2 protein chains.
Amino acid sequence: MWHCQEVTSTSAVGAVRQGSLRELNLALVLGRIAAAPTPPSRADLAADTGLTRATVSAVVDDLINGRLVSEAAPAPRTGAGRPARGLVLADHGPAGLGLEVNVDYLAACVVDLAGTVRHHVVHRADLRPVSPADALARLAGLAAGARAAADREGLTLAGATLGVPGLVGAGGLVRLAPNLGWRDVDVPGLLADHPPLAEPVPGVPHLVVDNEANLGALGELHAGPAGARSFLHISGEVGIGAGIVLDGALFRGARGWSGEIGHIPIRPDGPPCRCGGRGCLERYAGQEAILTAAGLAGADLPADIATNRLAGLATAGDLAACGALHDAGTALGVAVSAVVNLLDLDTVVLGGGYATLAPWLRPPILTELSRRVLTTPWAEVTVRPAVLGPRSAAVGGAGSVARAIIARPAGWLARSG
Amino acid sequence: MWHCQEVTSTSAVGAVRQGSLRELNLALVLGRIAAAPTPPSRADLAADTGLTRATVSAVVDDLINGRLVSEAAPAPRTGAGRPARGLVLADHGPAGLGLEVNVDYLAACVVDLAGTVRHHVVHRADLRPVSPADALARLAGLAAGARAAADREGLTLAGATLGVPGLVGAGGLVRLAPNLGWRDVDVPGLLADHPPLAEPVPGVPHLVVDNEANLGALGELHAGPAGARSFLHISGEVGIGAGIVLDGALFRGARGWSGEIGHIPIRPDGPPCRCGGRGCLERYAGQEAILTAAGLAGADLPADIATNRLAGLATAGDLAACGALHDAGTALGVAVSAVVNLLDLDTVVLGGGYATLAPWLRPPILTELSRRVLTTPWAEVTVRPAVLGPRSAAVGGAGSVARAIIARPAGWLARSG
DNA sequence: ACAATTTGTTCAGTGGTTGAATTATTTGGC
DNA sequence: GCCAAATAATTCAACCACTGAACAAATTGT
């Protein structure tokens with residue numbers, strides 16, 4: 001008579017008109033095709049979704065005609081019966097364009113519906129002395145190349161996402177990117193001079209500008225293990241950012257500025273931080289702090305080179321390097337303990353520069369977690385490096401465009417008939 | 001050509017069958033009636049939702065027949081035309097039962113669809129020496145009284161929610177309620193001996209057991225200002241818990257154990273905490289810490305009496321009391337800064353015992369926030385006491401049952417025809 | 001009294017799902 | 001080699017819920 005069960009709060013969706021039924025079922029079926037480990041048949045989908053086979057057939061026809069799905073060999077089966085036709089996401093339909101501006105490189109990539117990276121270019125350059133307009137002009141060049149590559153592959157770019165290392169406000173305005181030296185840069189305005197980078201598709205924004213750590217988290221969500229629905233993705237660059245994925249969706253906060261984990265207070269009376277606070281995490285686990293403690297501060301190397309050298313020293317057993325990483329990991333562990341106590345996450349992903357340094361950061365983080373997290377006796381917390389490695393923002397951004405189409409295929413289908 | 005806009009991740013809803021259309025529109029229309037500041041007419045709802053007036057009429061007929069909605073005087077209007085008939089949530093339909101077991105009281109209340117508290121009983125008793133079975137037996141007595149009250153008012157109890165000050169696992173198992181002395185208590189099992197407290201309604205669980213701070217947050221969500229969609233509700237009792245509301249939904253975490261803000265590390269090398277960590281917030285801002293600092297530790301008073309006395313001393317300008325509250329507020333401010341940096345929340349609600357102490361806690365919290373939150377220059381953070389006051393969990397739990405029916409009215413309508 | 005206006009209902013029409021029957025294509029037994 | 005069994009996919013009449021327009025109802029203002 002008594003039993004307990006959660007009521008998942010039905011998110012108040014808008015008006016449900018007549019045609020919404022088809023829209024919803026297109027999204028439902030396409031989502032199942034995307035999530036299936038092997039190419040499902042129409043019959044599998046009918047059994048899986050609860051729709052009738054007739055409806056699934058009609059829906060799948062629409063998806064195939066719209067170049068979102070194509071037929072392939074199904075999962076092998078034994079026994080009698082007409083063989084199934086497997087359904088997979090099309091490799092010749094829409095694709096997402098991912099862009100990234102960071103302190104010492106530009107990147108562009110193209111990701112198709114299945115999440116496969118079909119094109120990826122990284123252009124190394126120190127962007128700090130370059131004006132935002134010039135940096136974005138160079139980026140537009142990379143984007144044009146990516147578009148040509150997409151055309152060659154038979155893909156249609158349906159939207160673009162740009163990652164920047166900073167706070168992004170409404171309308172793509174970059175409020176503050178301290179390590180790039182940007183302040184109140186109107187990115188869409190500056191990119192408007194260049195030819196548009198994607199076809200207009202209803203429901204998919206032409207250009208989204210987002211924090212680099214957020215996009216890294218999205219990349220991890222789609223490229224990482226399928227079960228990971230809630231996790232913290234920490235991006236250790238010059239600053240420390242974090243993308244928070246809750247229940248399979250990026251959580252952006254009231255104004256889109258969530259994830260500023262670098263300024264969580266570790267020691268309230270610690271050394272002052274440029275943010276105005278004291279004892280922020282960045283002062284203990286930021287790139288500068290780690291390199292200084294490891295004795296690599298004077299070299300003034302590009303970030304990725306310095307990180308690799310640090311990893312090399314630590315592998316060789318260098319005491320200063322190991323000590324620096326241990327201390328940084330301990331500080332990270334204190335901050336992550338706060339986050340896990342607050343949000344009850346079961347997974348923490350080390351991304352950005354931390355992806356390379358994960359072997360040394362992980363043990364002290366786990367030590368602090370086991371010491372400070374209340375629920376440790378009942379539940380493990382997994383700490384692992386990002387599967388996409390240190391430069392995941394562009395891929396994550398491009399993937400998020402592809403996922404937007406999978407989440408709402410009706411927009412793409414309405415594009416041109 | 002370039003513009004920026006978020007793609008809200010369409011949460012993958014289950015199968016969308018034929019009848020789902022009606023289910024969704026029932027929820028849509030009922031939700032608008034619940035959210036409207038004044039009783040809307042059918043025509044208002046049609047304009048508001050985008051459905052046709054014909055559809056709205058049909059949907060409203062179902063809702064009225066199912067005793068979820070009733071007609072009332074509409075908002076006054078000037079000008080010509082047939083007068084509208086206003087629609088309000090029924091005061092004679094389903095209602096939620098809210099229960100709470102806390103350290104020094106039991107509570108039961110009945111909340112109707114509109115969120116009105118129709119019955120509320122608080123039974124003061126020190127529950128620490130009482131066995132869980134006895135405590136729940138007493139609670140069942142209060143619940144029976146609440147059910148009788150609901151019958152007298154013409155209400156039908158559609159579900160119950162029980163709040164406890166501790167970690168709740170799957171199936172309503174209370175893993176740990178330290179201040180109550182409970183460990184691995186099977187609450188639904190112990191309550192099964194007593195007559196069921198609510199009618200079975202599809203889609204509404206008979207009994208949900210949840211953390212008291214979570215329920216307080218839900219109460220705040222529904223009783224507080226309509227605009228508050230994301231906030232942190234801090235419940236300061238013997239321990240310090242928090243309920244996190246994100247985008248209008250309670251965030252429970254991977255295992256339902258989110259909100260353990262009391263064990264966020266404030267000073268990593270601070271005094272040891274009973275959780276095994278060091279320098280946890282609870283050691284600086286927990287009830288015991290505050291009362292000790294204020295010189296009220298020896299009195300061994302019930303929590304609410306002690307809190308009121310402390311507030312009295314602070315009002316009178318007592319230096320020890322003011323200093324204790326200032327220090328506690330500062331520690332809270334450090335922890336809240338971490339949370340706001342991480343989640344970018346725009347509102348923090350002081351609940352539980354903190355509701356009474358808010359006038360003294362607020363200033364030091366704001367000071368720390370302005371110092372430590374990166375986005376302070378662009379965005380204010382509101383810190384305010386809970387509108388439901390210090391004993392909000394039972395009301396919040398009962399309200400969540402009512403909201404579950406509003407979110408999915410089809411279950412209630414299918415109940416008996 | 002009557003036009004204007006707004007609300008709410010009725011009703012034929014339509015889009016999309018349903019469920020059963022039908023066709024298509026393979027395996028396995030005789 | 002042929003046929004029964006089995007599974008996949010399609011076709012089609014029925015049905016459900018929404019749509020849009022016409023209509024009835026109830027009030028205000030001239």
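Here is the naming used below: chain letters follow the sequence lines, and residue numbers restart at 1 for every chain. Predicted model only: the values in this text are computed from it and were never measured.
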Visitor: Of all the nucleotides listed (D:dC18, C:dT9, D:dA8), which has the minimum atom distance to the side chain of B:L21?
Guide: D:dC18
Visitor: Which whole-number value in Å describes the distance from A:L87 CG to D:dA8 C1'?
Guide: 12 Å
Visitor: Any donor-acceptor pair under 3.5 Å between the side chain of B:R82 and the base of D:dA26?
Guide: no
Visitor: For a quick test of reading the model, state the closest non-hydrogen atom pair linking A:R22 to A:V59 and the distance between them.
Guide: NE-CG2, 3.5 Å
Visitor: Look at B:R42 and C:dT9 and indicate whether a side-chain polar atom (N or O) is within less than 4.0 Å of OP1 or OP2.
Guide: yes
Visitor: At what distance, to the nearest 0.5 angstrom, does CG of B:L218 lie from OG1 of B:T161?
Guide: 8.5 Å
Visitor: Using modelled atom types only, decide if a donor and an acceptor are shared between the side chain of A:S20 and the backbone of A:E23 within a distance under 3.5 Å.
Guide: no
Visitor: Is there a side-chain contact between A:S41 and the phosphate of D:dA9, meaning an N or O under 4.0 Å from OP1 or OP2?
Guide: yes
Visitor: B:R53 CZ to D:dA25 P: how many Å, rounded?
Guide: 16 Å
Visitor: Mapping A:P83 and A:V59 to their closest nucleotides on DNA chain C, which lands nearer the 5' end?
Guide: A:V59
Visitor: Only counting residues at least two apart or in another chain, list the ones meeting side chain to side chain donor-acceptor pair (under 3.5 Å) with A:T156.
Guide: A:R67
Visitor: Pick one: which of B:L87, B:L68, B:L113 meets side-chain contact (heavy atoms from CB on, under 4.5 Å) with B:L30?
Guide: B:L68
Visitor: How many angstroms lie between atom CG of A:L221 and atom CZ of A:R403, to the nearest 0.5 angstrom?
Guide: 7.5 Å
Visitor: Looking only at the side chain of B:R22 (C-beta and beyond, no hydrogens), which of the listed nucleotides D:dA17, D:dA26, D:dA9 gets closest?
Guide: D:dA17
Visitor: Send over the distance from B:L45 CG to C:dT9 P, rounded to a whole Å.
Guide: 12 Å
Visitor: Whole angstroms only, please: what is the CD-C1' distance between A:E71 and D:dA9?
Guide: 10 Å
Visitor: To the nearest Å, give me how far apart CZ (A:R85) and P (C:dT26) are.
Guide: 11 Å
Visitor: Just so I know, are the side chains of B:R229 and B:V245 near enough to count as touching, which here means a heavy-atom distance under 4.5 Å?
Guide: no
Visitor: Would you mind classifying the nucleic acid contact of B:A54 as base, sugar-phosphate or nothing, using non-hydrogen atoms under 4.0 angstrom?
Guide: base
Visitor: Work out how much the helix from C:dA1-D:dT30 to C:dC30-D:dG1 bends between its end axes, five pairs an end, to the nearest 10 degrees.
Guide: 10°
Visitor: What is the distance, rounded to the nearest whole Å, between atom CD of B:E23 and atom C1' of D:dA17?
Guide: 13 Å
Visitor: Just N and O in the side chain of A:T55: are any of them under 4.0 Å from OP1 or OP2 of C:dT17?
Guide: no
Visitor: Starting from the 5' end of DNA chain D, give me the residue, A:G81 or A:S57, whose nearest nucleotide shows up first.
Guide: A:G81
Visitor: Carefully, step by step, assess A:R252 and A:D210 under the rule salt bridge (Lys or Arg N to Asp or Glu O under 4.0 Å).
Guide: CA-CA 10 Å; A:R252 290 191 157 82; A:D210 206 339; 2.3 Å; yes
Visitor: Nearest-Å distance, CG (B:L28) to P (D:dA17)?
Guide: 16 Å
Visitor: Less than 4.0 angstrom between a side-chain N/O of A:N25 and OP1 or OP2 of C:dT17, yes or no?
Guide: yes
Visitor: So what does A:A84 hit on the nucleic acid, given a heavy-atom distance under 4.0 Å: a base, only sugar-phosphate, or nothing?
Guide: sugar-phosphate
Visitor: Using atom CG of B:L51 as one end and atom P of C:dG8 as the other, report the distance to the nearest whole Å.
Guide: 15 Å
